[in-house]
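Structure in structure tokens, see below.
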Amino acid sequence: MTSTDRRAEPGHDVRQPGRWLALSVLVLAVLLVAVDATVLGLATPFLSEDLKPSGPQLLWIGDIYSFVIAGLLVSMGSLGDRIGRKRLLLCGAVAFGAVSVLNAYASSPEMMIFARALLGVAGATLMPSTLALIRNIFHDPRERSLAVGIWGAAASAGAAVGPVVGGFLLENFWWGSVFLINLPVMAVLVLVGIKLLPESRDPNPGPWDVVSVLLSLVGMVAIVYAVKEAAANGFGLEIAGVAAVGVLALVWFVRRQLTLDSPLLDIRLFHHRGFSGAVLADLLTILGLSGLVFFLSQFLQLVQGRSPLEAGLIELPAAVGAVGAGLAAGHAARRGSVRSAVAVGLAAVGAALAACVAITADTGVIALGIALFVGGLGAGLAFTVTADVILSSVPKEQAGAASAVSETAYELGAALGIALLGSVVTGIYRGFEAPAGLPAGVSEEAHDSLGGAVESAARLPAEQAAPMLSAARDAFTDGFQTAAAVGSTVLFATAVAAWFLLRGQRLEEGLEHP
């Protein structure tokens, strides 16, 4: 079933009053959730100093939020179809604000990981509801493409805006402030959303299958955990067991959906080549962009010695590119084709990563800005067009479930970008040769993370600190360059795959009345 096969539902006005104001509320929600996925990148050195997490704990703090969201999105999208997307969105916003306080005042690495996981649960209620409500508010395909473009620009740009917001806050406040900023934003979202957002749900939803919810969560989290650990520490018996649990859970989930009268996710959607290609492109676009932004934030601060705000501003061109491309994506896909827009977008993200292969401690602001702008441009183009394809491929009653597929790809891509590329960086970094004569505890801390090396150097005499820091920064740079090479290869390959998978796919041209 292609998007051109879709027909408008009778009885709906094409131009719903207040639709653009309602869209502004939805954009606010998705922007905040996207910002929270990357805002910790700049706060990493401060977390390392205050909470003293180990290397693996630091990675978990960075990616558990996205892991949990990815595991729950399908379930929450289906729940919104059943109980009402507006209701789920507003309840999730209240929970998101409350849990943000717990994140801000975390006093240990374990507490921080737990708080980030809870924030992921709340975030999972927000993301699919926003896109599903767009599907039900905008009935004209061209207006909907623009609305999805604005939504996609916020989602893509959020990954780059996070460091800017974080940089400003870290320049003036303690690291917990990057979470407390959520409170006033969520308050506005709830108060305005109550008035402006229309309620929508599936009129014949069927029961919400709790077994499917658990299978989806266990399967997603286990698979991603196994991939992360295998990339970081090698593939052992324990990791194989976790991976097997994840695979079995997802296989069981798929088989169960095929037998339920009212599944959480209609697996048959993936039989459509365009739908599957769009989901794959979604996932790998965000994988490349989120991994780039997360580790570039650390590089700018810990290798080039920039302030948090300066580092955030250097990454701002990625947001500018994502917003511009997101707004123009629907027009570009109609004037050209869906497959050319997505393939070009993926290739642009790959080119940005390829440029980072040559990055050094002396790389200037202009070169970094150009690379980030190209990457943001590509992410905004590819992500927005694929989201439109996914949303247009299903009846409006299934908008929550379809939106959840798109958002799962987004969040899984963000998690895998940090986990896989981060594992490459960490693996290479830990191999650096520390100067002889360092105390055992200092050497171990320095090899755990670059933040640990910087902190350890402050306690050493200058003649020991300088060579250790130089070796650690060189190793981190080597790891970042290698990860960028891996990421660019994956993105270029995906661009080629998208060209074939999205062949013949078209966006809707106009609303047809019966």
Side-chain angles (χ1 to χ4, degrees), residues 32-72 92-127 158-159 161-187 217 221 224-225 228 290 293-295 297-298 301-302 308-309 311-312 411 414-415 418-419 422 426 445 448-456:
L32 190 60
V33 175
V35 163
D36 262 62
T38 58
V39 72
L40 272 188
L42 288 177
T44 296
F46 301 89
L47 280 171
S48 297
E49 181 179 352
D50 193 10
L51 302 183
K52 294 180 171 51
S54 65
Q57 285 177 327
L58 197 59
L59 280 177
W60 274 113
I61 289 171
D63 59 31
I64 189 63
Y65 172 77
S66 294
F67 283 1
V68 173
I69 286 184
L72 287 175
V94 172
F96 199 89
V99 178
S100 294
V101 176
L102 183 61
N103 279 261
Y105 292 99
S107 56
S108 68
E110 294 80 9
M111 183 178 177
M112 188 67 189
I113 292 170
F114 176 70
R116 289 284 285 171
L118 288 181
L119 199 65
V121 175
T125 68
L126 300 176
M127 296 292 274
V161 171
V164 179
V165 174
F168 172 78
L169 292 172
L170 292 168
E171 287 281 308
N172 297 280
F173 308 100
W174 104 110
W175 60 263
S177 62
V178 301
F179 296 106
L180 294 182
I181 193 65
N182 295 340
L183 297 179
V185 177
M186 284 300 171
L217 178 61
V221 172
V224 175
Y225 173 83
K228 183 183 78 71
S290 64
V293 171
F294 184 81
F295 293 102
S297 296
Q298 296 182 57
Q301 289 181 88
L302 300 176
L309 181 57
E411 293 301 334
I418 295 173
T426 302
E445 185 178 359
D448 210 22
S449 69
L450 182 55
V454 172
E455 187 177 346
S456 299

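The chain is numbered in sequence order, starting from 1. These numbers were taken from a predicted model, which means no experiment stands behind them.
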Taking only residues two or more places apart in sequence, or in another chain, which ones meet I113 in a side chain to side chain contact (heavy atoms under 4.5 Å, CB included)? Q57, W60, I61, I64
Which residues pass the side chain to side chain contact (heavy atoms under 4.5 Å, CB included) test with V101, sequence neighbours left out? Y105, L180, L183
Apply side-chain hydrogen bond (donor to acceptor under 3.5 Å, both in side chains) to N103 and list each qualifying residue two or more places apart in sequence or on a separate chain.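 N103 satisfies side-chain hydrogen bond (donor to acceptor under 3.5 Å, both in side chains) with no other residue.
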Under the side chain to side chain contact (heavy atoms under 4.5 Å, CB included) rule, collect the residues that match up with A122, sequence neighbours excluded.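 A122 satisfies side chain to side chain contact (heavy atoms under 4.5 Å, CB included) with A95, F96 only.
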So which atom in L102 and which in A115 form the shortest heavy-atom distance, rounded to 0.1 Å? CG-CB, 3.9 Å
When rounded to the nearest 0.5 angstrom, what distance separates CG in L119 from CZ in F179? 7.0 Å
By side chain to side chain contact (heavy atoms under 4.5 Å, CB included), which residues pair with A106, not counting sequence neighbours?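 For A106 the side chain to side chain contact (heavy atoms under 4.5 Å, CB included) partners, ignoring immediate neighbours, are M111, M112, W175.
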Might you point out which heavy atoms bring L51 and S107 nearest each other, and give the distance in Å?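 The answer is CD2-C, 3.7 Å.
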